[in-house]
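One structure is given below, encoded as structure tokens.
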Amino acid sequence: MSAGTYGDGVAKPRARAGSGGGVQVLVQVDRSTAGDEPQLSSLLAAGDPHFAHQYYRHVLTALGLDAPDDDEDLWDVVEADAEQVFTDWRFR
């Protein structure tokens with residue numbers, strides 16, 4: 001994974017095309033997520049539509065979770081998951 005930046009200059013990880021290792025890192029991070037909680041990698045996917053379409057689907061599949069085939073449906077899942085992560089972690 002290489003670093004990109006948010007608009008405010010804060011570094012964010014960015015998986016390179018064909019980077020199975022980047023997906024595997026996210027799978028390992030999300031493997032410890034409770035079954036009733038959204039995946040933390042949804043935060044990366046929400047910030048980068050290319051990431052969502054290229055990698056997030058693979059993360060979900062590797063975790064044995066259903067991932068929509070349609071990109072628009074996947075984006076709806078990403079947005080809902082990311083919002084739920086913010087809600088769940090806000091007061092931890």
Side-chain angles (χ1 to χ4, degrees):
M1 295 176 73
S2 62
T5 59
Y6 292 105
D8 59 4
V10 175
K12 69 175 180 176
R14 181 179 303 246
R16 285 183 230 123
S19 173
V23 169
Q24 289 307 313
V25 168
L26 295 173
V27 168
Q28 290 304 316
V29 167
D30 282 336
R31 196 172 302 281
S32 64
T33 301
D36 62 340
E37 292 182 351
Q39 306 308 308
L40 294 175
S41 60
S42 66
L43 297 175
L44 295 175
D48 184 348
H50 176 74
F51 177 91
H53 298 144
Q54 293 295 104
Y55 301 103
Y56 191 61
R57 183 178 284 121
H58 297 295
V59 171
L60 294 177
T61 301
L63 292 167
L65 301 171
D66 292 329
D69 291 327
D70 181 76
D71 287 345
E72 288 183 30
D73 291 341
L74 178 65
W75 189 249
D76 290 342
V77 169
V78 166
E79 288 181 325
D81 284 356
E83 183 62 34
Q84 192 61 50
V85 168
F86 282 122
T87 299
D88 290 350
W89 283 83
R90 183 165 295 153
F91 300 108
R92 285 191 184 188

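All values reported here derive from a predicted model rather than from experimental measurement.
- The list of salt bridge (Lys or Arg N to Asp or Glu O under 4.0 Å) pairs with a residue in residues 21-34, not counting sequence neighbours, is empty.
- When the side-chain contact (heavy atoms from CB on, under 4.5 Å) test is applied to S32, no partner is found at least two apart in sequence or on another chain.
- When side chains are defined from C-beta on, L40 counts as touching W89, because their heavy atoms get closer than 4.5 Å.
- Annotation: side chain of L63 is in contact with side chain of Q39 (closest heavy-atom distance under 4.5 Å).
- The shortest side-chain heavy-atom distance between Q28 and V25 does not fall under the 4.5 Å cut-off.
- Between S41 and V29 the shortest side-chain heavy-atom distance does not fall below 4.5 Å.
- Side-chain atoms of V78 and Y56, non-hydrogen and from C-beta on, do get closer than 4.5 Å to each other.
- Both Y55 and L60 are assigned to one and the same hydrophobic cluster, defined by single-linkage of ILVMFWY side chains at heavy-atom distances under 4.5 Å.
- Linking ILVMFWY side-chain heavy atoms closer than 4.5 Å, directly or via other members, places L44 and L74 in a single hydrophobic cluster.
- No chain of hydrophobic side-chain contacts below 4.5 Å, direct or via other Ile, Leu, Val, Met, Phe, Trp or Tyr residues, connects V77 to F86.
- Between A45 and W75, the shortest heavy-atom distance links the atoms O-CZ3, 3.3 Å.
- Screening residues 55-79 for salt bridge (Lys or Arg N to Asp or Glu O under 4.0 Å), with sequence neighbours left out, gives R57-D71.
- Residues P38 and T33 come closest through the heavy atom pair O-CG2, 3.3 Å.
- The side-chain contact (heavy atoms from CB on, under 4.5 Å) check on A82 picks up S42, L43, A46, with sequence neighbours excluded.
- Applying the salt bridge (Lys or Arg N to Asp or Glu O under 4.0 Å) criterion to E37, with sequence neighbours excluded, gives R92.
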